[in-house]
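Sequence lines set the chain letters: A, B, ... in the order given, protein chains first and strands last, and positions in each chain run from 1. Keep in mind that this is a model prediction, so the values were computed, not measured.
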Amino acid sequence: MQHLTLKELQKKLRGGETTAVEAAQKVFTQIQKHEPVVKAYLQTFEKDALEQAQKADELLRSTNGAAADKQPLLGIPLAIKDNMNLLNTETTCASKILKGYISPYTATAVQKLQAAGAVIVGKTNLDEFAMGSSTENSAFQQTTNPWDRARVPGGSSGGAAAAVAADECFGCLGSDTGGSIRQPASFCGVVGLKPTYGLVSRYGLVAFASSLDQIGPLAKTVADAALILNVIAGYDEQDSTSVKQPVKDYTEFLDRDIKGQKIAVIKELLGDGIDDAVRQTIQTALDGLRKQGAIIEEIAMPSFKYALAAYYLVATSEASANLARFDGVRFGHRSKNARDMLELFKKSRAEGFGAEVKRRIMLGTYALSAGYYDAYYLKAQKVRTVIKQDYNKAFARYDAVLSPTSPSVAFKFGEKVNDPLSMYLSDIATIPVNLAGLPGISVPCGTAGDAVSGTVGDAVSGATGGLPVGLQLVAGEFAEQKLLQIAAAVERGSRFERIRL
Amino acid sequence: MTISINDAGHVANLARLDLSAQELATYTEQLNQILAYAQELNKLNTDQVEPTYHSIETGTILREDKVIDFPNQAGLLQNGPDVSGTSFVVPRIL
């Protein structure tokens, strides 16, 4: 039962073939069985979840399943990344500085899940403050990749991706600032969707880089991601950057064919710096799309070579400002060794933040400091305009642009953690999307058999072959319906099977 | 453009981070690597380009300047490291 997709579970719950309590129990059995190795969750809420599931069952029974018309996620066990507030639960951002912080309210996106009847089973691990690409920057635990315990799950939503891949939930909310939903989804063989900036409210999401952050689903299938997006999308007056958009059904186009759809492959993201095995798997997926009638052409995105540098200046600048609130005064860790106010700030922050967070605060503070603002921050924002222009040119001619989600499959623990620049390079394909605010999705399109060591499957019974490869599709602003339509075609055309732990 | 360990110390002070000598040395080196990489940006001519501060154009959002009480004041205060009544206690400033 825990191996079902969200959509399949939804149908069984509605039809009375199973109960929400049974679904929740199966999820917690799976969690108990696999968490000692996977370590996807920072906390779980078994008692509350079972109570909520019981209420969901009563509603389903008394209405003969009709309650699910009003509450599409009724009785579905979901998780959230631990940088989103859920009333009266700890929100740590995997940082020592927030250890013990109790959410005084619930984030809008999470509240919408609850209003739709979802049962929240727990909060998942991440790189501290969502800064990282491997979840190794968590102050609390190392999440492992369910496909290979010697490898990272990606990041920063590594716990979310691992929990979905290990069937420890039926979907999870993540956040994506430079690829933090899509890259771990790619590494763990699940679907990860970053919606258009402003489609989903960020109220209650702990801010990292405010002009780039966006909440979105990690799910077992494209259809599941669409079902979750249906619930969380929409304007929220608590987030002034959320955009008023007409309500859409994001599942509407999923079954439509893609005959005549024009898809551009980004030349720069299929050449140097991309692993051969990844490139081959993507090429096979392209054949699959051609067979379904899509028109595939290659385009150049010359500005992309500047995206990574621009991103790290913009994101760290915004982070240095956003993280100024962690000062040991009103919440979070307070140093016991401070003699005056200034020392209280400096020591509380130094003791509470981890190495990568400090590094980014340093870079961002430098980029914004007197004399350097024009050379770094302003320059980066101008480069951002050029990247946006490149995308606009592409979308004048194409329905979507395509690339690998990441230049490699999941890498090993320790491989990149001491070399910040090489870690940053693993986000090269996802970062331009955030700079332009566009919707992007990672869909598993196969496994890269040749690229991996013999350790694959050591935590797995019956799994063979290599590690998953994610294919990234990007569409124009608010074109999520079309994005999901093409993503579903990728899914149909690929020979990929989810892992079963 | 390279930064010295003194520059890094100045930035750490601006960022209100009490860093050890070892941390300062490491960050100086790593920031120089990252900033050297960022020099790439200068190869792109942006003289005629306007900056993008917001990826999706929404214009300036205005709202009425109206006070609304947060519904869970107790929830906010419980997170304070040192609270007296409805105040957060800090070391003496004056």
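- For the atom pair CG (B:N79) and CD (A:E90), the distance works out to 10.0 Å, reported to the nearest 0.5 Å.
- Residues B:I34 and A:Y424 are in side-chain contact: their nearest non-hydrogen atoms beyond the backbone lie under 4.5 Å apart.
- For A:S320, no part lies under 4.5 angstrom from a heavy atom of chain B.
- Closest approach of A:A436 to B:S55, counting heavy atoms only: C-CB, 3.6 Å.
- Under the ring pair (Phe, Tyr, Trp, His ring centres under 6.0 Å) criterion, no residue pair touches residues 10-64 of chain B, with sequence neighbours excluded.
- For the pair A:R349 (side chain) and B:R16 (backbone), a donor-acceptor distance under 3.5 Å is present.
- Contacts with chain A were tallied for B:V49, B:L41, B:N72, B:N42; B:L41 has the most, counting heavy-atom pairs under 4.5 Å.
- With respect to chain B, the highest number of heavy-atom pairs below 4.5 Å among A:T196, A:V243, A:V386 belongs to A:V386.
- Below 4.5 Å, heavy atoms of chain B meet heavy atoms from A:R339, A:D340, A:M341, A:L342, A:L344, A:F345, A:K346, all part of residues 337-346 of chain A.
- Residue B:Q33 places its CD atom among more than 12 non-hydrogen atoms of other residues, nucleotides or ligands, all under 6.0 Å distant.
- Each of A:L308, A:L87, A:L323 has some count of heavy-atom pairs under 4.5 Å with chain B, and the biggest count is that of A:L308.
- A pairwise comparison of heavy atoms in B:P81 and A:G328 identifies CG-O, 3.5 Å as the closest pair.
- Heavy atoms of B:L44 lying under 4.5 Å from chain A belong to its backbone as well as its side chain.
- One finds the CE atom of A:M362 at 9.5 Å from the CG atom of B:D7 (value rounded to the nearest 0.5 Å).
- Contact annotation for B:E23: only side-chain heavy atoms (C-beta onward) come within less than 4.5 Å of a heavy atom of chain A.
- For B:L17, the parts lying near chain A are the backbone and the side chain together; criterion is any non-hydrogen pair under 4.5 Å.
- Neither the backbone nor the side chain of B:V83 comes within less than 4.5 Å of any heavy atom of chain A.
- Scanning for ring-ring contact (aromatic ring centres under 6.0 Å, His included) contacts around A:F326 gives A:F129, A:F331, with sequence neighbours left out.
- Counting heavy-atom pairs closer than 4.5 Å to chain A, the top-ranked of the candidates B:P91, B:G75, B:A12 is B:P91.
- Interface remark: A:Y377 contributes side-chain atoms only to the contact with chain B (heavy atom separation under 4.5 Å).
- Taken to the nearest 0.5 Å, the NZ atom of A:K347 stands 4.5 Å off from the CG atom of B:D18.
- Remark: A:K96 NZ is loosely packed, at most 12 non-hydrogen atoms of other residues, nucleotides or ligands lying under 6.0 Å away.
- Contact count versus chain B (heavy atoms, under 4.5 Å) is highest, among A:G198, A:S303, A:S369, A:P420, for A:P420.
- Smallest separation of non-hydrogen atoms from A:N418 and B:Q30: O-NE2, 4.2 Å.
- The structure places CG of B:L19 at 11.5 Å from CZ of A:R359, a figure rounded to the nearest 0.5 Å.
- Between A:Y306 and B:E40, the shortest heavy-atom distance links the atoms CE2-O, 3.3 Å.
- Taken to the nearest 0.5 Å, the CD1 atom of B:I56 stands 6.0 Å off from the CG atom of A:L438.
- Contact record, A:P104 with B:L76: CG-CD2, 3.6 Å, taken as the closest heavy-atom pair.
- The most heavy-atom pairs under 4.5 Å with chain B, out of A:T385, A:L378, A:T365, come from A:T385.
- By the 4.5 Å heavy-atom criterion applied to side chains, B:L35 and A:L363 are counted as neighbours.
- Salt bridge A:K382/B:E50: absent, no basic N to carboxylate O contact under 4.0 Å.
- When heavy atoms are compared at a cutoff of 4.5 Å, B:A8 approaches chain A by way of both its backbone and its side chain.
- Contact annotation for A:L313: only side-chain heavy atoms (C-beta onward) come within less than 4.5 Å of a heavy atom of chain B.
- Legend: residues meeting side chain to side chain donor-acceptor pair (under 3.5 Å) with B:T46, ordered by chain and number and at least two apart, are A:K379.
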